[in-house]
Amino acid sequence: MQKKNKFKVVSVNKSRYILPSVLTLIGVCLGITSIKLAMDGNFGFAVLFIIVAAILDGLDGRVARMIKGTSDFGKELDSLTDFVSFGIAPVFIVYFWELNEFGRIGWLIVLLFSVCCVLRLARFNLTKFDNNEEWKMNFFQGIPSPAGGCLILFPIMYDLSLFSNFYKISNLSPYLVVLSSVLLISKVPTFSFKKIVVQRQTTLFLLLGFALFFVSITQFTYETLTLCCLIYLSLIPVSILNYKSKLKDSQNEELDEDQRDIL
């Protein structure tokens, strides 16, 4: 008597591909929901949803590599959801918060950011490195789309924090959106933080840092997010200098190898 095959949504050896895709889909749901929250005037939660979506975007790729669940489908899905969560949702939040007061110019700024984001994602998918240029994987060309989406929310974070009691910066929103748009499609090298090697002796300090960050984000949410944006912006000049230094070292190594071949 033949046994009936049990119904399976996915085969056992393919199940590891599901988790990264689920994280990606949760991120896009958060991005779309943030637009609804912004339309209702709940900008605080709208910003938080984008931040959580950015965290999930950073995790899905790492989880996929950790469990060996990377796939071409996952890469395409990640790019499409990045455009929705970081190319559309954040700029719509800013539009409902401030840019709509600028009329047609405000809408043009929204379109500018979205177009620059999709161009940045298309370029990222086509970026490849030679074996002797693996060090370049530690850098992005321009800022990544999650960073761009979070940076344009900086005025809202600032306005919701205690810092706004000292100075108002809401009128800087159009300029910051344009600046982020330019950075998205630029070739300015920025840290990717993909290959961070943690020394064993620094593990304790790293855990302490995470604990302090968790406490600060729960007690001083928008103040912490504001400072994180400022820290990221301050790291851009550092990343440029670091990239130039590594590029110079790489070129010197190639010259040395060529001279050895000649001799």
Side-chain angles (χ1 to χ4, degrees), residues 23-60 77-102 105-124 140 142-161 164 169-186 190 217 221-233 236:
L23 293 176
T24 304
L25 292 175
I26 292 174
V28 74
C29 290
L30 291 172
I32 295 173
T33 304
S34 69
I35 299 176
K36 174 63 168 59
L37 291 170
M39 292 173 65
D40 295 339
N42 196 343
F43 296 104
F45 275 103
V47 169
L48 292 179
F49 274 39
I50 294 297
I51 297 299
V52 175
I55 293 173
L56 291 178
D57 181 74
L59 287 177
D60 59 5
L77 180 65
D78 187 64
S79 293
L80 292 172
T81 55
D82 278 1
F83 177 60
V84 175
S85 298
F86 310 114
I88 296 179
V91 77
F92 265 71
I93 296 172
V94 179
Y95 179 76
F96 292 128
W97 185 68
E98 179 72 19
L99 292 182
N100 57 356
E101 297 182 3
F102 293 86
I105 295 178
W107 184 245
L108 286 175
I109 293 175
V110 171
L111 294 178
L112 172 67
F113 181 83
S114 296
V115 169
C116 289
C117 185
V118 75
L119 290 174
R120 190 259 179 274
L121 289 169
R123 184 181 65 184
F124 175 77
F140 287 125
I143 60 175
S145 53
C150 292
L151 283 179
I152 65 172
L153 297 176
F154 172 74
I156 304 179
M157 300 174 190
Y158 183 92
D159 187 70
L160 293 171
S161 70
S164 61
I169 63 168
S170 58
N171 56 346
L172 295 179
S173 293
Y175 307 104
L176 187 57
V177 175
V178 172
L179 175 62
S180 298
S181 302
V182 173
L183 288 175
L184 281 170
I185 59 174
S186 71
T190 58
I217 201 71
T221 305
Y222 299 105
E223 291 80 5
T224 303
L225 293 176
T226 300
L227 291 175
C228 286
C229 286
L230 292 174
I231 291 172
Y232 182 80
L233 286 173
I236 293 178

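- Around CD1 of I105, the count of heavy atoms belonging to other residues, nucleotides or ligands within 6.0 Å does not exceed 12.
- In this structure, the separation between OG1 on T221 and CG on L160 is 10.0 Å, given to the nearest 0.5 Å.
- Atom-to-atom distance recorded for D159:CG and E98:CD is 9.0 Å, nearest 0.5 angstrom.
- In plain terms, the two heavy atoms of P155 and I169 that are nearest each other are CA-CD1, 4.0 Å.
- Separation of atoms CG (L151) and OG (S180) is listed at 5.0 Å; rounding is to 0.5 Å.
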Expected list for residues 83-96: side-chain donor-acceptor pairs under 3.5 angstrom, two or more places apart:
from: S85; atom 1: OG; to: G27; atom 2: O; distance (Å): 3.2
from: S85; atom 1: OG; to: T81; atom 2: O; distance (Å): 3.1

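- Scanning all heavy atoms of the two residues, the minimum distance from P146 to D57 falls at CG-OD2, 3.2 Å.
- Between R123 and S186, the shortest heavy-atom distance links the atoms NH2-O, 2.8 Å.
- How far CD1 of I185 is from SG of C117: 11.0 Å, rounded to the nearest 0.5 Å.
- With rounding to the nearest 0.5 angstrom, the CD1 atom of I26 is 11.5 Å from the OG1 atom of T33.
- Closest approach of T226 and S161 over heavy atoms only: OG1-OG, 4.1 Å.
- Taking the side chain as every heavy atom from C-beta outward, L99 and P174 approach each other to under 4.5 Å.
- Note that CD1 of I231 and OG1 of T224 are 9.5 Å apart. Values are rounded to the nearest 0.5 Å.
- A donor-acceptor pair is defined here as one N or O able to donate and one able to accept, closer than 3.5 Å; no such pair exists between the side chain of T190 and the backbone of I236.
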Can you list the steps and then say if F43 with L37 is a side-chain contact (heavy atoms from CB on, under 4.5 Å)? CA-CA 7 Å; F43 296 104; L37 291 170; over 6 Å; no
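- In this structure, F140 and R120 have side chains that are in contact, with non-hydrogen atoms separated by less than 4.5 Å.
- F154 and Y158 have tilted rings, their planes meeting at an angle from 30° to 60° on a 0 to 90° scale.
- Residues F113 and V182 have side chains not in contact (no heavy-atom distance under 4.5 Å, counting atoms from C-beta outward).
- For the pair L80/T24, no side-chain contact is recorded, criterion being any heavy-atom separation below 4.5 Å from C-beta on.
- The local environment of CZ in F45 is sparse, with at most 12 non-hydrogen atoms from other residues, nucleotides or ligands closer than 6.0 Å.
- Scanning all heavy atoms of the two residues, the minimum distance from L184 to S145 falls at CD2-CA, 3.9 Å.
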